[in-house]
Amino acid sequence: MTDWATFVVVREDGGFERYHRRYGAIDVDLDLLAGPDLALSFARSHHDAGTGGTWGEDDWIQEGWCEAVALIDLRRRVLLRGTVEGAATSQRLRPTVERVLRRAWPGWTLRWAHDGIADVRAHLGLDVEPVRDRWSPPFLSPVLGPGEDGELAEDDPHVSVVTTAAGRCLLLDGIGRHPVTEGPALLDRLAGAPDRGSHHLRARSGLHLDPVARTLGWWLLGMEPQAAEMAGRWPGWRVRFWADLHQEHVRASLGRFAPPPVDPAAALAELREAAHDHWSDWRHARNGEDDRRAALAAIDAACRAAAG
């Protein structure tokens, strides 16, 4: 099993460098907490994808296979990143990740790549079609029925919440595509699904539907291939993309979806510990002990600033 990541560095002269790593997607958000200098060094420690070898200048990992992206634009001071797993995809930790990153990257614009590798190419002014997968049918997330609640015992259950204006609440396993990708066919698939009534635990993504008004809103914490094109899958509907703002879903569902509040101090302590563990493991062995110590010191400083 692989966890492909693509790293892009936009130089001051406007040119860009591209790097791939087979297992680089695991907690890429923790790699970035050390700030621009160490993140840049880490990105460049990967396999150079633009200078020949097994990768050519036109070889980009397609959406669906690319599980994390990080673009460091030195010219415009923009950090564009996204991942399908890790601290940033946790409702408990995501606000803290954002707060610490702002301290670690002062003066930079931080953006999330909801559309994954396509957002990276768009930022570079490149056509997104070469990384689109138009042929593979989406894997539909199965509905979680009675007795299928094992995932809900986790701190960050990998589930998607679907609520409706009629008062229904359904849970889907998060192993497949976001339910918004199905278009109006989703209504028929969920018509006889078990109604949960409400969901007061956490989730990774969600969708609120009003079939009478033909409106919907959706959000996610990770990445979704072709996220920028979802409105086209719902012809005649008003589609609102809430980005990572699950609070919009809470309001629209009238509280049928309402995850528990987050303890900021506990989240900060957990994130710091996770970052320390991450920078001490094998993935950073090639960066050397000096870089590791510098990274931990930078992360600690950013966490202290975020706590203040």
Side-chain angles (χ1 to χ4, degrees), residues 5 7 25-43 68-74 76-114 116 119 123 154-158 201-206 219-223 241-251 257-280 284 291-308:
F7 299 83
I26 302 173
D27 282 320
V28 69
D29 43 338
L30 300 183
D31 296 316
L32 301 173
L33 290 182
D37 292 341
L38 286 163
L40 186 63
S41 174
F42 176 70
V69 295
L71 179 145
I72 302 171
D73 188 333
L74 300 173
R76 288 183 275 180
R77 295 176 68 83
V78 171
L79 173 64
L80 172 66
R81 88 280 184 207
T83 183
V84 298
E85 63 176 320
T89 63
S90 159
Q91 279 189 327
R92 292 179 306 111
L93 300 181
R94 188 182 184 96
T96 302
V97 172
E98 298 297 318
R99 193 165 70 249
V100 175
L101 272 176
R102 286 195 296 271
R103 297 293 187 172
W105 295 70
W108 285 67
T109 298
L110 308 183
R111 292 170 44 207
W112 186 261
H114 298 285
D119 278 345
H123 181 91
E154 303 293 329
D155 289 334
D156 299 297
H158 195 185
L201 300 175
R202 297 182 177 91
R204 296 281 186 93
S205 62
W219 62 277
L220 79 164
L221 298 179
M223 305 188 302
F241 178 44
W242 291 325
D244 63 347
L245 300 178
H246 72 272
Q247 299 89 341
E248 295 295 330
H249 191 173
V250 172
R251 281 191 282 270
F257 167 52
V262 174
D263 180 339
L268 183 60
E270 182 176 346
L271 179 64
R272 178 184 177 277
E273 181 178 0
H276 271 248
D277 290 344
H278 180 72
W279 274 86
S280 299
H284 288 283
D291 271 6
R292 188 186 74 84
R293 289 178 178 173
L296 297 181
I299 291 167
D300 285 348
C303 286
R304 286 194 299 271

* **Listed once per pair and sorted, the side chain to side chain donor-acceptor pair (under 3.5 Å) pairs that draw on residues 260-269, sequence neighbours left out** => none
* To do: State which residues pass side-chain hydrogen bond (donor to acceptor under 3.5 Å, both in side chains) with Asp300; sequence neighbours excluded, sorted by chain then number.
  => Arg272, His276
* To do: Dump the intermediate steps for side-chain contact (heavy atoms from CB on, under 4.5 Å) on Leu80 and Thr109, then the final yes or no.
  => CA-CA 8 Å; Leu80 172 66; Thr109 298; over 6 Å; no
* Structure fact -> When every non-hydrogen atom of Arg202 is compared with those of Pro157, the smallest separation belongs to O-CG, 3.2 Å
* With Ser205, which residues qualify under side-chain hydrogen bond (donor to acceptor under 3.5 Å, both in side chains), at least two apart? -> Ser160
* Verdict with supporting geometry, His123 and Asp73, side-chain hydrogen bond (donor to acceptor under 3.5 Å, both in side chains) -> CA-CA 9 Å; His123 181 91; Asp73 188 333; 2.7 Å; yes
* Asked: Hey, are the side chains of Leu38 and Asp291 touching, using non-hydrogen atoms and a 4.5 Å cut-off?
  -> yes
* **Side chain proximity check, Leu110 to Val78, heavy atoms < 4.5 angstrom** => no
* CG-CD distance between Leu201 and Glu154, expressed to the nearest 0.5 angstrom -> 11.5 Å
* Mind listing the closest non-hydrogen atom pair of Ala87 and Leu271 along with its distance? => CB-CD1, 3.9 Å
* Do Ser90 and Val97 have side chains that get closer than 4.5 Å, going by heavy atoms? -> no
* Any pair counted as salt bridge (charged side-chain N to carboxylate O under 4.0 Å, His left out), so long as it reaches residues 84-99, sequence neighbours left out -> Arg81-Glu98, Arg92-Asp156, Arg92-Glu270, Arg94-Asp244
* To do: For Ala274, check side chain to side chain contact (heavy atoms under 4.5 Å, CB included) against everything at least two apart and list the hits.
  => Leu30
* Fit a plane to each ring of Phe257 and His249, take the angle between them on a 0 to 90° scale, and name the class: parallel (under 30°), tilted (30 to 60°) or perpendicular (over 60°). => tilted
* Can you list the residues that meet the salt bridge (Lys or Arg N to Asp or Glu O under 4.0 Å) rule with Arg304, with sequence neighbours excluded? -> none
* Check whether any side-chain heavy atom of Leu40 lies under 4.5 Å from a side-chain heavy atom of Leu74, and answer yes or no. => yes
* Structure fact -> Sequence neighbours excluded, the answer for side-chain hydrogen bond (donor to acceptor under 3.5 Å, both in side chains) partners of Arg77 is none
* To do: Using side-chain hydrogen bond (donor to acceptor under 3.5 Å, both in side chains) as the criterion, list what pairs up with Arg293, not counting sequence neighbours.
  => Glu289
* Heavy-atom closest pair, residues Pro264 and Val262 -> CD-O, 3.1 Å
* Intermediate values then yes/no, side-chain contact (heavy atoms from CB on, under 4.5 Å), Leu220 and Phe241 -> CA-CA 9 Å; Leu220 79 164; Phe241 178 44; 3.5 Å; yes
* What residues form a side chain to side chain contact (heavy atoms under 4.5 Å, CB included) with Ala305, not counting sequence neighbours? -> Arg103
* Asked: Distance from Leu268 atom CG to Glu273 atom CD, nearest 0.5 Å?
  -> 12.0 Å
* Asked: Any side-chain heavy atom of His114 sitting closer than 4.5 Å to one from Met223?
  -> no
* Structure fact -> With sequence neighbours left out, the residues meeting side chain to side chain contact (heavy atoms under 4.5 Å, CB included) with Ala39 are Leu32, Ile72, Trp105
* To do: Could you tell me whether the side chain of Trp219 and the main chain of Gln247 form a donor-acceptor pair under 3.5 Å?
  => no
* To do: Apply side chain to side chain contact (heavy atoms under 4.5 Å, CB included) to His158 and list each qualifying residue two or more places apart in sequence or on a separate chain.
  => Glu151, Arg204
* To do: Heavy atoms only: give me the nearest Ala113-Val69 pair and the separation to one decimal.
  => CB-CG2, 3.8 Å
* Check Leu33 against Ala275 and note the closest heavy-atom contact, atom names and distance. => CD1-CB, 4.2 Å
* Pairs flagged by ring pair (Phe, Tyr, Trp, His ring centres under 6.0 Å) wherever residues 79-104 is involved - sequence neighbours left out -> none
* To do: Determine, stepwise, if the pair Thr83 / Thr89 fulfils side-chain contact (heavy atoms from CB on, under 4.5 Å).
  => CA-CA 8 Å; Thr83 183; Thr89 63; 4.2 Å; yes
* Write down the atom of Trp279, the atom of Asp31, and the distance for their closest heavy-atom approach. => CZ2-O, 3.4 Å
